[in-house]
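A quick write-up on the structure given underneath.
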Number of protein chains: 2
Amino acid sequence: MVTVKKVAELANVSPSTVSRVINGAENVNPEIRERVKKVISETGYFPNNAARSLVNRKTGAIAVLIRNLHKPFFYDLLRGMKDAATAMHKCVLFCNLSDEKEERNKYMQFLTNGIVDSMILYGTLYTDWPIIENLSSSRFPFILIENNFDNSQFNQILINNFDGAMNAVRFLAENGHERIVLFMGNPNKKVNLERLNGYQRAMTECGFTLTPDNIVNIFGDSSQAFDAAQAIMRMPDEKRPTAIFTTSDKIAVQAIKGILSLGFRVPEDISVMTFDSQSHLEEEYKGPTLTGIKQPLYDVGYESISAISEIMDGKIKPPYSRTYETTIQKGETVRNLNEG
Amino acid sequence: MVTVKKVAELANVSPSTVSRVINGAENVNPEIRERVKKVISETGYFPNNAARSLVNRKTGAIAVLIRNLHKPFFYDLLRGMKDAATAMHKCVLFCNLSDEKEERNKYMQFLTNGIVDSMILYGTLYTDWPIIENLSSSRFPFILIENNFDNSQFNQILINNFDGAMNAVRFLAENGHERIVLFMGNPNKKVNLERLNGYQRAMTECGFTLTPDNIVNIFGDSSQAFDAAQAIMRMPDEKRPTAIFTTSDKIAVQAIKGILSLGFRVPEDISVMTFDSQSHLEEEYKGPTLTGIKQPLYDVGYESISAISEIMDGKIKPPYSRTYETTIQKGETVRNLNEG
DNA sequence: CTGTTAGCGCTTTCAG
DNA sequence: CTGAAAGCGCTAACAG
């Protein structure tokens with residue numbers, strides 16, 4: 001293995017000088033600098049990060065921790081992160097975590113001790129609190145994206161789920177819908193609660209009836225949505241909701257499958273509006289293109305990398321917080337009741 | 001920061017003893033072991049990987065390098081890798097690379113110098129040769145998945161593209177097809193050449209006509225497939241191929257869109273068979289479910305992690321090579337001409 | 001079974 | 001502008 005020492009010998013200088021050349025220090029005689037550079041390129045020398053990390057206490061690399069990294073949901077997020085990594089000249093290491101506590105700890109301990117010096121965590125759960133607290137108390141820099149906590153001390157990037165959900169209901173209202181039911185996913189995720197709140201607020205604001213029946217819990221398998229949608233279609237016409245708003249694409253897809261399975265059509269017989277509106281769905285789906293609230297995940301991904309870089313460079317001083325607004329993505333699953 | 005030294009002080013032992021406890025050495029007095037463990041958990045001490053890596057020359061982590069990691073194509077591959085990582089208790093770091101040489105070098109140099117001690121590279125191109133040679137000459141352990149080289153010295157996992165393509169043609173032949181055209185992607189990828197060869201061999205074997213017209217080059221944008229498919233549909237019935245075999249899902253999807261755009265149907269008017277047959281397509285597609293040759297990407301992903309682990313543990317001695325067979329995945333895009 | 005010592009490869013004072 | 005020396009945190013001989 002080629003080391004500074006060997007390069008130094010070959011160039012007839014001291015290791016310190018080699019180090020200076022590597023790190024682009026000014027105070028080196030140009031002639032010597034060239035001599036050292038020549039030896040470096042001839043020997044193919046490259047500095048050992050472990051040794052560097054040990055003395056500098058930094059590596060310049062960023063870790064991104066995501067549960068189920070492989071899901072198509074992350075398509076845009078990963079693209080954004082990748083583009084930012086290229087732009088900022090950073091090494092970004094993606095880790096695909098499971099829910100298992102032990103495994104999560106393993107990665108945290110590995111990464112935070114000399115491998116990377118900052119971290120991005122997507123979609124933390126309540127159970128991640130010990131990890132977050134640990135990072136925080138050891139002053140390890142990190143950014144949370146869509147986290148479950150409510151702590152302004154953390155660097156975080158959020159999505160305005162509340163307004164997004166409100167806009168969904170308003171959009172449905174504009175299209176003449178009043179009987180709007182919510183298919184709500186896992187309440188242990190803060191994002192779902194926010195979407196629920198937005199839904200409720202907008203329903204009230206629009207003066208629509210809001211009873212417990214308006215909210216259908218899809219807390220377990222998303223296939224519950226299939227059954228729930230069928231149940232709705234079996235209701236008499238005059239009582240049946242005219243629109244279903246779902247907290248995720250997955251639930252929307254299942255609901256639509258349930259509706260179609262009974263011979264009904266979307267949006268002719270009932271409208272469906274989703275939250276997420278991702279370009280890449282996890283399940284096979286050939287129904288009408290979803291209308292829904294779209295999150296700017298490419299931007300969020302890009303911003304997360306560039307923000308953490310700037311925090312590390314001292315250009316941003318923490319706590320950093322930014323909230324992204326959603327947009328309405330028009331597809332084919334919402335019918336305008338005002339027409340015809 | 002808590003170090004071995006501090007733990008040693010607090011436990012009234014030497015750093016060596018602490019090190020022994022951490023690394024689970026046998027020769028430590030049980031009483032002292034407990035005392036040290038207690039201090040470790042009280043102080044929240046965790047060993048610094050940079051320092052460890054420096055001494056041990058290994059970290060136990062594995063890097064996975066993939067171009068366009070975000071593509072849904074990698075869904076099953078990543079799942080397999082993740083499951084294997086959990087099973088083998090390894091940290092796996094995924095890197096999303098671009099084609100830019102400089103960026104690729106940056107990652108290589110970062111990773112190979114004290115961060116990970118083995119590597120998996122998916123789908124290397126000819127231009128990656130310097131990188132591979134470098135890894136090889138520095139004796140850095142790595143496995144290639146579907147590489148572009150032909151070197152039995154490398155550890156590698158391959159897919160039997162040749163037989164896969166042959167099986168596709170045979171399957172079409174069994175279904176009564178004789179005029180089968182190939183839509184072939186980028187010839188700079190070895191996998192495509194192998195699929196081409198398999199196609200040619202099987203066509204010859206079946207005694208079917210094989211002229212240059214049988215092979216349509218889709219070397220640029222896959223949208224060329226759209227036009228090419230339209231051109232085929234405009235041919236007179238008696239000359240028109242009865243089936244198109246494509247070297248990728250992307251090409252198949254475009255071809256089918258081209259066919260449908262002219263008002264023709266798949267498979268009634270023409271059959272389409274693909275290679276890849278992934279569960280997750282990158283583009284929106286609502287046509288009939290693809291019939292095609294499926295690669296066992298989950299298994300490949302799982303095996304890559306477990307094989308490199310076993311190589312590192314000395315349980316497998318390199319060069320390691322394994323070829324996976326493909327299967328036929330039946331969808332809706334191939335019509336049986338023997339019926340009716 | 002335990003402690004002392006040296007050194008992994010690098011950077012960074014501090015002298016010169 | 002350059003070199004010598006010390007040390008980052010850890011482990012692996014080697015004594016004891």
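Owing to the predicted nature of the structure, the values given are computational and were not obtained by experimental measurement.
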[N] phosphate, OP1 or OP2: any side-chain N/O from [X] under 4.0 angstrom?
X: B/S19; N: D/dT11; value: yes
X: A/T17; N: D/dG3; value: yes
X: B/N23; N: D/dT11; value: yes
X: A/N113; N: D/dC10; value: no
X: A/R20; N: C/dT11; value: no
X: B/S14; N: C/dG3; value: yes

Practice item. Starting from the 5' end of DNA chain D, give me the residue, B/A51 or B/S16, whose nearest nucleotide shows up first. Key: B/A51
Report the distance from atom [atom1] of [X] to atom [atom2] of [N], rounded to the nearest whole Å.
X: A/I115; N: D/dC10; atom1: CD1; atom2: P; result: 13 Å
X: A/K5; N: C/dG9; atom1: NZ; atom2: P; result: 9 Å
X: B/E9; N: D/dC10; atom1: CD; atom2: P; result: 13 Å
X: A/D117; N: D/dC8; atom1: CG; atom2: P; result: 19 Å
X: B/L54; N: D/dC8; atom1: CG; atom2: C1'; result: 9 Å
X: A/M1; N: C/dC8; atom1: CE; atom2: P; result: 12 Å
X: A/N27; N: D/dG3; atom1: CG; atom2: P; result: 12 Å
X: B/R35; N: C/dT2; atom1: CZ; atom2: C1'; result: 11 Å

Practice item. Output the single nucleotide from C/dT12, C/dC10, D/dT11 whose closest atom is nearest the side chain of B/V55. Key: D/dT11
Point to revise | Minimum-distance nucleotide (side-chain atoms of B/N29 versus C/dG7, C/dC1, C/dC10) | key: C/dC1
**Study point:** Identified side chain to side chain donor-acceptor pair (under 3.5 Å) partner of B/Y75 from the options A/E282, A/H70, A/H280, A/K71
**Key:** A/E282
Regarding [X], tell me which of base, sugar-phosphate or nothing describes its non-hydrogen contacts under 4.0 Å with the strands shown.
X: B/V18; value: nothing
X: A/R57; value: sugar-phosphate
X: A/V28; value: sugar-phosphate

Practice item. Quick one: sort the B/Y126 and B/F149 rings into parallel, tilted or perpendicular, breaks at 30° and 60°. Key: perpendicular
Practice item. Tell me yes or no: between the side chains of B/R35 and B/N29, is some donor less than 3.5 Å from an acceptor? Key: no
Revision key, fill the gap. In terms of heavy-atom contacts, A/N188 and A/N148 come closest through O-ND2, 2.8 Å
Check your understanding: Is a donor on one side and an acceptor on the other found under 3.5 Å between the side chain of B/D313 and the backbone of B/K315?
Key -> no
